[in-house]
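Single-structure report; data block below.
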Amino acid sequence: MRFSISPEMATQEVQPNETLSNLKAESDTLKTKLEDERAKLHDVELHQVAEKVDGLGQFIMKTRRTLKGHGNKVLCMDWCKDKRRIVSSSQDGKVIVWDAFTTNKEHAVTMPCTWVMACAYAPSGCAVACGGLDNKCSVYPLSLDKNENLAAKKKSVAMHTNYLSACSFTNSDMQILTSSGDGTCALWDVESGQLLQSFHGHAADVLCLDLAPSETGNTFISGGCDKKANVWDMRSGQCIQSFETHESDINSVRYYPSGDAFASGSDDATCRLYDLRADREVAIYSKESIIFGASSVDFSLSGRLLFGGYNDYTINVWDVLKGTRVSILFGHENRVSALRVSPDGTAFCSGSWDHTLRVRNGQMCTFTHFCFVLQRLGKHLLCSLLCWLSFIRSSFPSSTKMSIHHGFY
Amino acid sequence: MTISTLTRGGAQREQQHCLRKMERVIIAMQDPDIGLKMRNQRLLITVIPHAMTGNDIMEWLIQKYNITDEEAGHLGGLLVQYGYIYPLKEPRSLILRSDDSPYRFQTPYFWTSSRWPASELDYAIYLAKKNIRKQGELVDYEKQNYNLLHKRINHTWDFVVMQAREQIRASKQRRKADRIVLECQEQAYWLVNKPCPGAFDVFDLGPERCNVLNSRVILNSSLLFFLLRISSVPNNSLSSHFLLSLSCVCSFMKFCDQYHQHDPIMSGCLPSNPWISDDTTHWTINTDLVGTPTRLRVERWSFSFMELLNDCLGRREFMTYLEKEFSGENLCFWEACEDLRHGESSKIILKVEEVYKTFLSPGAARWVNIDSKTMERTLEGIKQPHRFVMDDAQMHIYFLMKKDSYPRYLKSDLYKNMLSKAIVPQETKKSVFPFMRRQRHSSPSPAMVSQATEDNEPKYL
């Protein structure tokens, strides 16, 4: 539903004789009226139009890196703009910055609170923001001096009245957008800690947010426990669009790369795609065998694939256009709590309650690729055989030793 | 704010949703027509009725949901972990074995959703029963729990022991098969609800989420109320709405198609994906201000104006082109406005002044051509400077560049030369020894790189 609210309407008082139940009844009738209106409009579904698009082949996705080091559930993660660094936060209050390519830990901070549910990397790569049950969002500048305690330079930026569920830097290091369990989102100035704008409209906890990549760059989306996904104007603080088709809490929202649509993942075990210009839901990604909710969603670079991390420890990969599932990935031993595709789309990282993060990618399986895989396997076996033989023969001390590493994880 | 693992409100609501769905699966599995074929299982010398093998469960799931072995095993495993199916042979190990190990459906009385949270009294009675029946039957953590409970509900301990004795006596009067079944059911229930510490706990849910906040419902309703007034205004006609819908949906297909080659997961990347080959060449040839960009990168500049501006190299090239056309101040102005919008609050007034002096004041060094109405509005707004005071002017200049300079740039020699000079890296030949891992080199941290450079001067000067 789209509504443009003029200033007069926004300040109109609710009549004192309208009791809560009356209002509720009225809002319900309005909703059904809207649904009826929508049904008349013969909207076209995405998968119908996408019938003529080529289907996707089988994907072979493999884990390329496993980041171990958190002692407790990993709750959130974010990529750095340099495409290889990651910041992740966990239940025990630890926030770690990794170079995911080498799997080295570069920085570690222990927050004074537990359940750090939000963390974000600054666009410059010089700071990280995090927060959780402390109801605050703090920014830590990343220092390269090994002796310096990162916690000393901590800057407390945001202040909410309930837990912090998500945070994100806007286009620069100077502003942070946060969402909280107190039902509001807020925009803060990092330097002064001043509240620049607050966004009211959710009727329950706000669980996630995402900034628009569009050229005007002034909007963002949020999803909450009231099953609504709202689109906000950062400048005025108004909610300009709202979508309520999910049947349960919305855990994650993410813009489509073009900025014209967004996907949401919810506890009702579905992911949905909403078109912002047509102002409606255009696709549902669900399967009967998927029972647990989706905790985190993200698009591949071209927007053709939608990755969803679920509470049943799996990652489902969906074909956005056709609405079908392309692949299901196992590997985590507890629920997947965070999932993000890297800035250049070369890989995606998933954080889980099993204390690890996994960086994965894959390729579409074509016939030639399949043959190549077989060929490599064959070569691998041959080389292993040769090595084994040479090992047998090298009962004499030799100056060179060959170490064998597995290329397959 | 406290966290308890047995929470009410949001987390429980989330859990109930999943439990209901699992129950629907279970009920379908037990359907006499389309469900599993159950048979009698022999457990030592007794015969347990209505049991099935792990294999049966997997086969049924594969057939019903059209999924692979792995997924069926995973789904079945979850059903066992949540206590809807329990194993007969090794009751403490709550996993699904895809062989002929016997399993049974848990009775609805003991379903996770119907008796949640588990009552302490019931647990005490259960442990007491086990203790009385056979000394030493309680495992370590159960002994600990037993002692804790003994301390906590000491006042009703007589009742607990009496109940336990009564239940044992009643069970002795049942048939052996029934007795074993009931014991198994009860044990399975407690294994799920009071698991061994360290084992998977289905009630580990995370921080509590609030229910709908009442006061906000009123706000919500008022918003919808306004909507009614707006929607009563005549809408677009049916056909135009349909066309809009169709064009929106088609735009997704167009976007996916356009970016298909640029998506490393869909089409691979050249020379190789760094995560697979451990070779960072792909990143080095795509750094921000590299000497010769790749062909894909230069092609991407032609997709949209925003792509060009978002790429440092693209923006620099575009600036060079604009300077040639003597309209470089447009891009400088746009950059200055961006800096104003996203910069520190404390510097806003200073920045607005600078922008006015450099771009807007009559006779300014780099005067930008904005239409008179926008100029008036902006000048008026400057009197009370704020972050968004330049928005209108910025938008005007942005669209000017987008509609006019950008298309001409794409047709210009400058761009065409860039495109022809651009490199297309060779795909790396896979090495002969694929199992030899390359050395993974670390890269300088962005934090270090920026500490090395001085504080940025305003870019537009």
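Side-chain atoms are counted along with the backbone in the values below, which use heavy atoms only and exclude waters and symmetry mates. Letters A, B, ... are given to chains in the order of the sequence lines, protein chains preceding strands, and every chain is numbered from 1.
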query = So, do Ser445(B) and Leu142(A) sit near enough that their side-chain heavy atoms are less than 4.5 Å apart?
reply = no
request  = Could you tell me which portion of Leu56(A) (side chain, backbone, both or neither) has an atom closer than 4.5 angstrom to a non-hydrogen atom of chain B?
outcome  = side chain
inquiry  = Heavy-atom cut-off 4.5 Å, strictly under: side chain, backbone, both or neither for Asp99(A) against chain B?
reply    = side chain
ask   = By a 4.5 Å heavy-atom criterion (distance strictly below it), what part of Ala100(A) contacts chain B: side chain, backbone, both, or neither?
value = both
query = Once the angle between the rings of Trp275(B) and Phe101(A) is folded into 0 to 90°, is it parallel (under 30°), tilted (30 to 60°) or perpendicular (over 60°)?
reply = perpendicular
inquiry  = Between Val359(A), Leu207(A), Leu301(A), Leu273(A), who has the most heavy-atom pairs with chain B when the cutoff is under 4.5 Å?
reply    = Leu301(A)
Salt-bridge contact Arg304(A)-Asp263(B) (side-chain N to carboxylate O under 4.0 Å) = no
remark   = Honestly, the part of Tyr121(A) sitting under 4.5 Å from a heavy atom of chain B is neither
query = Out of Ser172(A), Gly293(A), Gly345(A), which one racks up the most heavy-atom pairs below 4.5 Å with chain B?
reply = Gly345(A)
Residue part contacting chain B, namely of Lys81(A), when any heavy atom lies under 4.5 Å = neither
query = How about Phe252(B) and Tyr256(A): do any of their side-chain heavy atoms sit closer than 4.5 Å?
reply = yes
ask   = With only heavy atoms counted, which part of Phe330(A) is less than 4.5 Å from chain B, the side chain, the backbone, both or neither?
value = side chain
Engaged part of Val49(A) at the chain B interface, taking heavy atoms whose separation is under 4.5 Å = both
request  = Counting only heavy atoms closer than 4.5 Å, note whether Ile328(A) contacts chain B via side chain, backbone, both or neither.
outcome  = side chain
message = I'd like to verify something: which residue of Ile291(A), Thr314(A), Thr102(A) has the highest number of heavy-atom pairs under 4.5 Å with chain B?
response = Ile291(A)
Interface moiety of Pro141(A) toward chain B, non-hydrogen atoms closer than 4.5 Å = neither
query = What part of Glu288(A) lies closer than 4.5 angstrom to a heavy atom of chain B: side chain, backbone, both or neither?
reply = both
inquiry  = Taking salt bridge (charged side-chain N to carboxylate O under 4.0 Å, His left out) as the cut-off, I'd like each qualifying pair that reaches into residues 60-79 of chain B, sequence neighbours left out, listed once.
reply    = Arg325(A)-Glu71(B)
message = Taking every non-hydrogen pair under 4.5 Å, which of Asp268(A), Val97(A), Thr103(A), Ile290(A) racks up the most with chain B?
response = Asp268(A)
Ala122(A), part contacting chain B, at a heavy-atom distance under 4.5 Å = neither
ask   = Has Asn104(A) got more than 12 heavy atoms of other residues, nucleotides or ligands less than 6.0 Å from its CG?
value = yes
request  = For the pair Ser267(B) (side chain) and His260(B) (backbone), establish whether a donor and an acceptor sit closer than 3.5 Å, ignoring hydrogens and angles.
outcome  = yes
query = Is the shortest distance from a Lys or Arg side-chain nitrogen in Asp249(A) or Arg209(B) to a carboxylate oxygen in the other one below 4.0 Å?
reply = yes
message = Given heavy-atom pairs under 4.5 angstrom as the criterion, report whether the side chain, backbone, both or neither of Asp173(A) touches chain B.
response = neither
message = Check the orientation of Tyr398(B) and Phe305(B). Use parallel for under 30°, tilted for 30 to 60°, and perpendicular for over 60°.
response = tilted
query = Charged N to carboxylate O below 4.0 Å: is that the case for Asp278(B) and Arg64(A)?
reply = no
task = Name the member of Pro257(A), Ala269(A), Cys80(A) that forms the most heavy-atom pairs with chain B at distances under 4.5 Å.
result = Pro257(A)
inquiry  = Counting only non-hydrogen atoms closer than 4.5 Å, does Leu321(A) touch chain B with its backbone (N, CA, C, O), its side chain (CB onward), both, or neither?
reply    = side chain
ask   = Of the backbone (N, CA, C, O) and the side chain (C-beta and beyond), which part of Thr170(A) lies under 4.5 Å from a heavy atom of chain B, both, or neither?
value = side chain
